[in-house]
Amino acid sequence: VNFLATVFGGTQSYNPVEWYVNDVLTATGAGFTFTPSVQGIYNVYAKVTDTALTTVQSTTVAVTVNISPLTISISPNTPQTILVGNLVNFSASSYGGTPPYYPIEWYVDGVLTTTGATFAFSPTSAGVYSIYARVTDTSMATAVSSSITVTVTAFAQYNLAVDSNPQGISFTLEKMG
């Protein structure tokens with residue numbers, strides 16, 4: 001929020017304008033940019049003193065700050081199906097809250113697996129896995145992404161039988177197990 005004070009009257013030649021936020025001197029000068037990082041209501045006003053040592057105060061302006069809630073999203077954000085040995089590359093983005101953020105945490109079936117903005121999930125056994133990410137901001141708020149289901153199947157094994165006879169060659173492909 002930008003503020004600008006215009007001073008007139010009194011004994012000319014003024015000391016610098018003083019800007020107060022919640023009764024704490026925050027800045028001096030004709031202009032002031034207020035950039036809050038925490039949600040709340042802030043009372044902002046200016047004071048100026050002329051050379052005759054007369055001090056005047058402006059009207060107080062209440063500034064209400066609502067910070068958007070902390071959120072996290074991951075991509076891909078739809079169920080995935082892969083074979084054992086393959087991988088799914090996940091990435092995460094955090095928004096809102098009070099930056100900076102702590103490193104993003106990645107969970108597989110509720111167990112913390114790694115941290116960082118990306119996660120390469122490469123399972124070594126077949127199964128159905130639930131993947132989600134969690135982030136914490138500097139105000140210790142946390143957000144959890146939606147869970148993504150990754151279905152992992154084992155490599156399919158087949159038995160190939162070849163039969164050659166007077167009518168030609170026939171192939172039989174039979175799934176094992």
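Every residue two or more places apart in sequence or in another chain that forms a side chain to side chain donor-acceptor pair (under 3.5 Å) with Asn2 is listed here: Thr33. Listed by chain and residue number, Leu160, Ile169, Phe171 satisfy the side-chain contact (heavy atoms from CB on, under 4.5 Å) test with Val162 (two or more places apart in sequence, or in another chain). In this structure, Ser146 has no side-chain contact (heavy atoms from CB on, under 4.5 Å) partners at least two apart in sequence or on a different chain. In terms of the ring pair (Phe, Tyr, Trp, His ring centres under 6.0 Å) criterion, Tyr95 has no residue partners (sequence neighbours excluded). Checked against side chain to side chain donor-acceptor pair (under 3.5 Å), Ser139 has the following partners two or more places apart in sequence or in another chain: Asp137.
The hydrophobic side chain of Leu4 is isolated, with no ILVMFWY side chain under 4.5 Å apart from it. Side-chain contacts under 4.5 Å among hydrophobic residues (ILVMFWY), followed directly or transitively, place Leu25 together with Tyr20, Tyr45. Cluster note: Val84 groups with Leu70, Ile72, Ile74, Ile82, Val88, Phe90, Tyr101, Ile104, Trp106, Val108, Phe119, Phe121, Tyr129, Ile131, Val135, Ile148, Val150, Val152 through ILVMFWY side-chain heavy atoms spaced under 4.5 Å, whether in direct contact or through intervening members. Cluster note: Val21 groups with Val1, Phe3, Val7, Tyr14, Val17, Trp19, Phe32, Phe34, Val38, Tyr42, Val44, Val48, Val56, Val61, Val63, Val65, Ile67 through ILVMFWY side-chain heavy atoms spaced under 4.5 Å, whether in direct contact or through intervening members.
For the salt bridge (charged side-chain N to carboxylate O under 4.0 Å, His left out) condition, the pairs that include at least one residue of residues 89-114, sequence neighbours left out, are Glu105-Arg134. Listed by first and then second residue, the ring pair (Phe, Tyr, Trp, His ring centres under 6.0 Å) pairs that reach into residues 47-75 come to none, sequence neighbours excluded. Annotation: salt bridge (charged side-chain N to carboxylate O under 4.0 Å, His left out) contacts involving residues 70-80, sequence neighbours excluded, are absent.
Taking CD of Gln80 as the reference point, atom CG of Asn86 lies at 11.5 Å (rounded to 0.5 Å). One finds the CG atom of Leu83 at 4.0 Å from the OG1 atom of Thr153 (value rounded to the nearest 0.5 Å). Note: Asn66 CG to Ile41 CD1 = 8.5 Å, rounded to the nearest 0.5 Å.
Side chain of Thr113 to main chain of Val111: a donor-acceptor pair is present (N/O by atom type, distance under 3.5 Å, no hydrogens or angles). Between the side chain of Ser122 and the main chain of Ala120, no donor-acceptor pair closer than 3.5 Å is present. Counting only distance, with no hydrogens or angles, the side chain of Glu18 and the backbone of Pro16 share no donor-acceptor pair below 3.5 Å. Proximity of a side-chain donor or acceptor of Ser145 to a complementary backbone N or O of Ala133 within less than 3.5 Å is detected.
Contact detail for Pro99 and Thr138: the closest heavy-atom pair is O-OG1, 3.6 Å.
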